[in-house]
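Report on one structure; see the data block that follows.
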Amino acid sequence: MTFRSLKRLFPFRSMRAKLLVCFLVVTIIPLLTLGALSYYQSAKMVNSQFGKYGENAVAQLEQQTSSYLSRMKQTTEAINSYLLDPARADLGNVAPTAYQEILDKNDFEDFLKALHTDRTAGIYVITRSGYFYGENNLDVAKLERTLAWGAESDPATGENWLGFYVQEHIVDAGSPERPVLGLAVSINNPYGALRGSKILVEENAEDLLRAFRLFERDTKAHLKITDPKGRVIYETQPGIPPGDRDIVWKKNLSANDWTIEARLPARDFFRSSGIIRSNTVMAAAASCLLAFGFAYLFSSRFTARIRRLKDSMQKVSFGKLHTRTKVEARDELGSLDISFNSMVEGIQSLVREVERTEALKKEAELRAFHYQINPHLLFNTLNSIQWKARLAGAEDIRQMLYHLAMVLEGNLEITQELVPLGRELRIIEHYLKIQEVRYGPVFRYELECDESLKDYLIPRMTLQPLFENIFFHGFEDGKGGIRLTIREAGSLLQLVLTDNGTGIAPDKLKRLLQPDAKRKGKGGLGVQNVDQKFKLHYGPQYGLTVQSRAGQGTTVMIQWPKKEDNRNGGGKHD
């Protein structure tokens, strides 16, 4: 079965439902398979054992019954042999009257008593006249009224198996009526005595019938004994109609060809296996319910952590950046929780940085707005002063005003935050001209910058504050040397501004670029603004690096990405 087939079979969208179904499939299929195999093997073994038990029980009944029948048959044969003796010729069909006849009668009855066993209920020889030999407790009239006694005997053997019946023909009123098994045999020997008489042998059948009832009780089977003519000798009451699926155990008795048949209905034979099946089904159902409970608890606990993580993500998407998820374990989901918390903390930090940057930009824009003045008024005023100075012959004042106007023209152009590097360098040259008129040729300035680099952009008004800082804090009366070097370093531009002024004290240097540091006196604010401009435009990794030692000058280093001026479409990255 493919994965798509499983998806069509279980179209669940819930992770918990999918886990529940998978867990149940993995658990219940082996469980049901094991239960089915266990039931099949157990039922097969129980049915086989029960079948063997029933067959052996019937065999034992057959042996017990055969033992009775064989003994009774041997008794009749012994009597027949006794009567074949010519010395018994005086035994007659009527009561003896002569002395010798009485002696023969007594000898014959002694012989009959000698054939008794502990199970013998009576041995008689009944003549055609109704006279009988044996114990004097037989009522021949009652015997002849019984149906079994009147039945025809086997023509070949002269045997008439009377079956089981209650011994009601005994004269002794004190003896209890008891079930017996009887055999009547006709004496047909033409050479012996008592020809035409019948031998009656009865044996106590209580033990045999008790064995039959014990078998019926243990096996719940229907027991039936029939003779070759189909006459029922014994049958369990009440009888049951035969079924096609009944289990039948059958044995033949060799002594008289009786047949013992034990019939057990299929529902009784398979009752034990049915109990096993019911118990197996109940155990499987209980196991399935238990598996379902465990699967539900496991999937609920597992998916609860996923839902909590999903809810936390939704809260973050709604702007609730203070949301954190609980880390319950150090497993894969725990790693996800830790990563989620770290990600939200990073987002929250980034948002705070963006908010701070935006606030600084707004502050810079507001500050620039405050500095906006009417440039026409300022330039017209400076031109007027410049002409006054020319008319007055003050050439140095006129030059200072001219260079000041150039510097102001560059600084008051606030439409562009990023300007070409060459323009920023020209403003520096005008600024240095002002300082030269002010102090005279007492300082030297060296510039190293390739012409190809002057088209790259640099934040507006970033070099002038650094030069102002040199003349106001580094030089005394404008004396000193300044070297400005601008090079290319891959995708970056490197600017190094060096002076040999008085340098910066270590404590002041430490606070120079700290935004929140308290300042004593003047100085450093322009350098800090320059550093913030580079960070605002290019990122916090860029900005100023200042190295200085007292009396040995100061070196300012700046790196920023190359971005070339594009008049048609704005600046572009190199």
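Heavy atoms from other residues, nucleotides or ligands lying under 6.0 Å from CD of Gln314 number more than 12. The neighbour count for Tyr296 OH, taken as heavy atoms of other residues, nucleotides or ligands under 6.0 Å away, does not exceed 12. Atom CZ of Arg324 has more than 12 heavy atoms from other residues, nucleotides or ligands within 6.0 Å. Heavy-atom contacts from other residues, nucleotides or ligands closer than 6.0 Å to CE of Met343 number more than 12. For Lys433, the NZ atom sits in a loose shell: 12 or fewer heavy atoms of surrounding residues, nucleotides or ligands are nearer than 6.0 Å. By the 6.0 Å contact criterion, OH on Tyr439 is enclosed, its count of non-hydrogen atoms from other residues, nucleotides or ligands being greater than 12.
Residue Arg305 comes nearest to Gly334 through the heavy atom pair NH2-N, 3.4 Å, listed as atom of the first residue, atom of the second, then distance. When all heavy atoms of Leu61 and Phe215 are compared, the closest pair comes out as CD1-CG, 3.7 Å. Thr27 and Ala291 make their closest contact through CG2-CB, 3.6 Å (heavy atoms, listed as atom of the first residue, atom of the second, distance). Of all the heavy atoms in Arg438 and Phe472, the pair that sits closest is NH1-CE2, 4.2 Å. Of all heavy-atom pairs between Val442 and Gly478, the closest is CG2-O, 3.3 Å. The two residues Leu425 and Leu463 have their closest heavy-atom pair at CD2-CD1, 3.9 Å.
Of the charged side-chain nitrogens involved, none lies within less than 4.0 Å of a carboxylate oxygen, so that Arg213 and Glu216 do not count as a salt-bridged pair.
In this structure, the separation between CD1 on Ile558 and OG1 on Thr545 is 9.0 Å, given to the nearest 0.5 Å. The line from CZ of Phe302 to CZ of Arg307 is 11.5 Å long, rounded to the nearest 0.5 Å. For the atom pair Asp450 CG and Ile486 CD1, the distance stands at 10.5 Å (nearest 0.5 Å). In this structure, the separation between NE2 on His473 and OG on Ser548 is 12.5 Å, given to the nearest 0.5 Å. Interatomic distance, Ile470 CD1 to Asp499 CG, rounded to the nearest 0.5 Å: 4.5 Å. To the nearest 0.5 Å, the span separating CD1 on Ile427 from CD on Gln464 amounts to 7.0 Å.
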Kindly indicate, with the supporting measurements, whether the criterion side chain to side chain donor-acceptor pair (under 3.5 Å) is fulfilled by Gln547 and Thr555. CA-CA 5 Å; Gln547 297 177 352; Thr555 300; 5.4 Å; no
Assess whether side-chain contact (heavy atoms from CB on, under 4.5 Å) is satisfied between Arg245 and Arg267, documenting all intermediate values. CA-CA 9 Å; Arg245 298 178 64 245; Arg267 65 175 183 277; over 6 Å; no
Test side-chain contact (heavy atoms from CB on, under 4.5 Å) applied to Leu321 and Ile347, step by step: CA-CA 8 Å; Leu321 298 180; Ile347 293 175; 4.0 Å; yes
Could you give me the CA-CA distance, side-chain angles and deciding distance for Gln386 and Tyr402, then say whether side-chain contact (heavy atoms from CB on, under 4.5 Å) is met? CA-CA 7 Å; Gln386 184 180 357; Tyr402 168 73; 4.0 Å; yes
Go through the steps to decide whether Gln348 and Arg352 satisfy the test side-chain contact (heavy atoms from CB on, under 4.5 Å), and finish with yes or no. CA-CA 6 Å; Gln348 196 173 18; Arg352 285 198 298 266; 3.4 Å; yes
For the pair Arg398 and Glu395, evaluate salt bridge (charged side-chain N to carboxylate O under 4.0 Å, His left out) and give the outcome as yes or no after the intermediate values. CA-CA 5 Å; Arg398 187 195 66 79; Glu395 183 61 23; 2.5 Å; yes
For salt bridge (charged side-chain N to carboxylate O under 4.0 Å, His left out), just list the numbers for Lys251 and Glu261, CA-CA rounded to whole Å, side-chain angles, deciding distance to a tenth of an Å, and then say yes or no. CA-CA 7 Å; Lys251 291 289 183 181; Glu261 177 185 287; over 6 Å; no
Walk me through whether Asp268 and Lys220 qualify under salt bridge (charged side-chain N to carboxylate O under 4.0 Å, His left out). CA-CA 7 Å; Asp268 294 329; Lys220 310 299 180 186; over 6 Å; no
Does the salt bridge (charged side-chain N to carboxylate O under 4.0 Å, His left out) test come out yes or no for Lys562 and Glu564, once each step is laid out? CA-CA 6 Å; Lys562 291 191 298 183; Glu564 194 172 4; over 6 Å; no
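Contacts of Thr280 classified as side-chain hydrogen bond (donor to acceptor under 3.5 Å, both in side chains), with partners at least two apart in sequence or in another chain: none.
In this structure a side-chain-to-backbone donor-acceptor pair under 3.5 Å is missing from Asn469 to Pro465. Panel note: side chain Arg444, backbone Pro441; no donor-acceptor pair is recorded below 3.5 Å. The backbone N or O of Glu345 lies less than 3.5 Å from no partner atom in the side chain of Ser349, so there is not a single donor-acceptor pair. When atom types are taken as modelled, the side chain of Asn500 and the backbone of Gly481 share a donor-acceptor pair closer than 3.5 angstrom. Using modelled atom types, one side-chain atom of Glu424 and one backbone atom of Met461 make a donor-acceptor pair closer than 3.5 Å. Lys454 places no side-chain N or O within 3.5 Å of a backbone atom of Gly422 that could act as its donor or acceptor partner. A donor-acceptor pair under 3.5 Å links the side-chain atoms of Ser273 to the main chain of Phe270, judged by distance alone. The closest donor-acceptor contact from the side chain of His430 to the backbone of Met406 lies at 3.5 Å or more, if one exists at all. Looking only at distances, a side-chain donor or acceptor of Asp531 sits under 3.5 Å from a matching main-chain atom of Leu544. Checked by atom type and distance alone, the side chain of Thr462 never pairs as donor or acceptor with a backbone atom of Ile458 at under 3.5 Å.
By the 4.5 Å heavy-atom criterion applied to side chains, Thr502 and Glu476 are counted as neighbours. When side chains are defined from C-beta on, Leu453 counts as touching Glu488, because their heavy atoms get closer than 4.5 Å. Put simply, the side chain of Phe340 reaches to within 4.5 Å of the side chain of Ser312, judged on heavy atoms. Using a 4.5 Å heavy-atom cutoff, the side chains of Leu484 and Tyr445 are in contact. With a 4.5 Å cut-off on side-chain heavy atoms, Leu466 and Val527 count as touching. Side-chain contact check for Asn341 versus Thr325: some heavy-atom pair is nearer than 4.5 Å. Between Asp337 and Leu309 there is a side-chain heavy-atom pair separated by less than 4.5 Å. Within the 4.5 Å cutoff, no side-chain heavy atoms of Arg460 are placed close to those of Leu418.
Between Phe534 and Trp560, the gap from one ring centroid to the other is short of 6.0 Å. For Phe443 and Phe471, the ring centers are positioned less than 6.0 Å apart.
Note on ring orientation: taking the six-membered ring where Trp is involved, the planes of Tyr542 and Tyr538 are perpendicular (angle over 60°, cut-offs 30° and 60°).
The side-chain hydrogen bond (donor to acceptor under 3.5 Å, both in side chains) pairs that include a residue from residues 34-50 are Tyr39-Arg277, where partners are two or more places apart or lie in different chains.
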